[in-house]
**Student:** 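Just passing along the structure, written as structure tokens.
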Amino acid sequence: MKKEIMDILKIISKPYAYEILETLSIIPKRYSQIEVCKVDRTKTKRLKELKKFGLIENMIVKGKDRNFIAYIITRKGMDVLDKLKNLKL
């Protein structure tokens with residue numbers, strides 16, 4: 001449990017991880033709609049890391065002609081985000 005908390009804090013402290021999590025807390029978004037990080041390589045890496053620890057997950061969005069993958073924050077991700085917002089430094 002303690003190791004998982006440390007790993008999550010390590011990920012959240014990386015550039016754009018917190019911002020991505022916060023963006024997804026408002027509404028699910030497709031990859032191209034996540035605009036807080038303009039560098040694709042960094043954005044892809046952060047999404048994989050957040051997904052690995054169960055903070056976000058993929059969701060299929062049905063379109064007219066095809067389906068799309070969107071990212072959505074999980075309950076665990078919301079809990080982490082709420083705790084971080086309540087920290088008083």
**Student:** Given F68 and I60, is the side-chain contact (heavy atoms from CB on, under 4.5 Å) satisfied, shown in steps?
**Tutor:** CA-CA 6 Å; F68 299 96; I60 304 295; over 6 Å; no
**Student:** Are L47 and I34 close enough, and set up right, to give a side-chain contact (heavy atoms from CB on, under 4.5 Å), and what steps lead you there?
**Tutor:** CA-CA 10 Å; L47 289 169; I34 301 170; 4.0 Å; yes
**Student:** Supply the atom-to-atom distance L9 CG to E4 CD, rounded to the nearest 0.5 angstrom.
**Tutor:** 10.5 Å
**Student:** With side-chain contact (heavy atoms from CB on, under 4.5 Å) as the criterion, how do E35 and K29 come out once you've worked through the C-alpha distance, each side chain's angles and the decisive distance to 0.1 Å?
**Tutor:** CA-CA 10 Å; E35 297 177 346; K29 295 191 177 204; over 6 Å; no
**Student:** Quick one: is the NZ or CZ of K43 closer than 6.0 Å to the six-membered ring centre of Y31, and within 45° of its axis?
**Tutor:** yes
**Student:** What heavy-atom pair brings L81 and E22 nearest, and what distance separates the two atoms?
**Tutor:** CD2-CA, 3.9 Å
**Student:** Rounded at 0.5 Å granularity, tell me how far NZ in K52 sits from CD1 in I8.
**Tutor:** 11.5 Å
**Student:** Mind running side-chain contact (heavy atoms from CB on, under 4.5 Å) on I73 and I26 for me, showing each step along the way?
**Tutor:** CA-CA 9 Å; I73 193 168; I26 299 165; over 6 Å; no
**Student:** Look at atom NZ of K10 and say whether more than 12 heavy atoms of other residues, nucleotides or ligands are closer to it than 6.0 Å.
**Tutor:** no
**Student:** Using the ring of Y16 (Phe, Tyr or Trp, six-membered ring only), decide whether R46 places NZ or CZ under 6.0 Å from its centre and within 45 degrees of its axis.
**Tutor:** no
**Student:** Out of curiosity, does I27 fall in the hydrophobic cluster containing L21 (side-chain heavy atoms, cut-off under 4.5 Å, transitive links)?
**Tutor:** no
**Student:** Just to verify, which of K76, K83, R75 counts as forming a salt bridge (Lys or Arg N to Asp or Glu O under 4.0 Å) with D79?
**Tutor:** R75
**Student:** Are M59 and Y71 co-members of a hydrophobic cluster defined by side-chain heavy atoms under 4.5 Å apart?
**Tutor:** no
**Student:** Look at atom NZ of K14 and say whether more than 12 heavy atoms of other residues, nucleotides or ligands are closer to it than 6.0 Å.
**Tutor:** yes
**Student:** Looking at every non-hydrogen atom in both residues, tell me the closest pair between V61 and A70 and how far apart they are.
**Tutor:** CG2-CB, 3.6 Å
**Student:** Taking the side chain as C-beta and beyond, is there a heavy-atom pair between L24 and L50 under 4.5 Å?
**Tutor:** no
**Student:** When clusters are formed by joining ILVMFWY residues with side-chain heavy atoms under 4.5 Å apart, either directly or through shared neighbours, do I56 and I72 land in the same one?
**Tutor:** no
**Student:** To the nearest 0.5 Å, what is the distance between CG on L84 and OG on S13?
**Tutor:** 10.0 Å
